[in-house]
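See below for the structure under consideration.
Atoms within a ligand are numbered from 1 in the order they appear, just like the ligands themselves. Throughout, residue positions are numbered sequentially from 1 according to the sequence presented. The figures here come from the full heavy-atom set of this structure, side chains too, leaving out hydrogens, waters and symmetry mates.
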Amino acid sequence: MAKFIFVTGGVLSSLGKGISASSIGALLEARGLKVTHIKMDPYINVDPGTMNPYQHGEVYVTEDGAETDLDLGHYERFVSTPMGAKNNVTTGMVYKTVIDRERRGEYLGATVQVVPHISDEIKKRIMEVAEDFDLVICEIGGTVGDIESLPFLEAIRQFRFDIGRENVLYAHVTLVPYIETADELKTKPTQHSVKSLRAIGIQPDILLCRTKCQLTEPVKAKLGLFCNMEKNEVITARDVKSIYDVPLIFHDEGLDDLIVKKLQLTNACPIDLTMWEEISNKIKNPAYDVTIGIIGKYVELKESYKSLYEALNHGGLANNCRVNLRWVEAEDIEKEGEEKILSGLDGILVPGGFGQRGMEGKISAVGYARTKNIPFFGICLGLHCAVIEYARNKCGIKEANSSEMNPDTIHPVIDFLPDQAKETHKGGTMRLGSYPCKLRKDTKAFEAYGVREICERHRHRYEFNNQYRIQLDEAGLKFSGLSPDANLVEIVEIPEHPWFLAVQYHPEFKSTPRKPHPLFAAFVKASMANSVLSKASGI
Ligand code: GLN
């Protein structure tokens, strides 16, 4: 039977609970165990699909097409187990199931309550992911003390009683701030947060203390004393430059041994951290560096483009190169012109997005990259922008009356599929999850992937409008990847450009530091070549 680690957060948000949970997963996987993850989100939305990226950050899409919390992205980047719809549970999902059951009369007249009905449903969903795994790492969203997360905390409290003390661990991620004027690390916020946890019946077994500097032995002893824990159960989770160092610093603090001992994981092997050490070394000692511009709409909130940011770094890893990012607000291009905003970039990327705002700025960025021979990578909406730019400026295909246009794409070359009901465009008709794609030989796409058939993850409503395929092909835009029935355009590229490629899917969701995505690796490589060229010519 699987054993369980529950990860809660204290004091404040953004302490890196997701990275901590993922790093625990990576460590235990490096000890030969089969690990999976589950994330509990205390909001009432059934899934984050409809949420504004400003509030929630990126919506991460799994192979099976679930729209999930971005922490699932971290899990997939750190642990080799694929995530799916079952690995993300929200309050909304739980209540919906319980209320639907109540309406069907399945509670046989009972009063339906948070305890036991909601807590039972939560426990059931945790159990559902455990099959065939040695260890389940369950992260509870939010911060201890929030009212929304109480049913989840109650459910995980009960869990230990249901399946036995030796099978469950509680790890609490907390903040130990350094106060400069006193030159001291302060333990009080952690003391209070642990007190709140204990008030609801959960005594943490492990404290992961986020700090600027290493916790000294006296600080660990003090935290232990006030939080009712042994000194060795207090782990320093010191700030690091790269998230991929976290498994290594946790190991240095003895975390994997502690977990193996406490949970009596008798099948754990000696640790093999070679892969993480290699990744860490490569990140620290890059031989080259490039600057890539991301032309987006939510650029002030980096969380909105989490997987993209990671995938570009992985692309750098594959080329021994540091990737510096310049986040560009698309509307600034509209206001101030391309040259001012985009000059000096080695590569230009237009990522996915929704809505019309900033579209013209993104389209100008495509034109700038195309005409100046700067490597260009378009993703989803980025493909739409690329095709619109080409249609307008190379084929003279003009916009129809704008009131007839779809709200996201402003040009007839990108549209709904004929059988897609236009009225329902706000939901239900998105193409979500993994779909196959066939690559044409002698293309940059094939050169990067090295295989003819691939599968990639989608999240969009609009598609390339096939009515324009011949016209654009004749004008030099190549359709290098198509759905197996050839009905859907998945990849376009310009053969005579140094590297100009746009995809209808989201390759960033499949990139990991272990296996950088081939298109990100190829894009970074092309940007490096461009950087060398422009330096040589003194531009
Ligand atoms: N808004 C576009 C569509 O729905 C693009 C979506 C995206 O970039 N993920 O098709």
Among the heavy atoms of H384, does any lie under 4.0 Å from an atom of ligand 1? yes
Pairs of nitrogen or oxygen atoms closer than 3.5 Å, one from G352 and one from ligand 1: do any exist? no
Backbone or side chain, does any N or O of G353 fall under 3.5 Å from an N or O of ligand 1? yes
Quick one, T91 with E148, criterion side chain to side chain donor-acceptor pair (under 3.5 Å). Give me CA distance, side-chain angles, the key distance, then yes/no. CA-CA 8 Å; T91 295; E148 296 96 333; over 6 Å; no
Could you walk me through whether Y244 and H314 satisfy the ring-ring contact (aromatic ring centres under 6.0 Å, His included) test, starting with their C-alpha distance in whole Å, then the side-chain angles of each, then the deciding distance to 0.1 Å, before giving a yes or no? CA-CA 11 Å; Y244 302 116; H314 307 154; 5.8 Å; yes
Numbered atoms and elements of ligand 1 in range of R461, under 4.0 angstrom, heavy atoms: 3 (C), 4 (O), 10 (O)
Any N or O of R459 that comes nearer than 3.5 Å to an N or O of ligand 1? yes
Listed by chain and number, what are the salt bridge (charged side-chain N to carboxylate O under 4.0 Å, His left out) partners of R459, not counting sequence neighbours? E67
Quick one: ring-ring contact (aromatic ring centres under 6.0 Å, His included) partners of F377, sequence neighbours excluded? W499, F520, F523
Given E490 and R431, is the salt bridge (charged side-chain N to carboxylate O under 4.0 Å, His left out) satisfied, shown in steps? CA-CA 12 Å; E490 304 284 26; R431 186 146 73 107; 3.2 Å; yes
Give me the ring orientation class for H517 and Y449: parallel if the planes are under 30° apart, tilted from 30 to 60°, perpendicular past 60°. perpendicular
Give the numbers and elements of all ligand 1 atoms closer than 4.0 Å to a heavy atom of H506. 9 (N)
Does even one non-hydrogen atom of M430 get within less than 4.0 Å of ligand 1? no
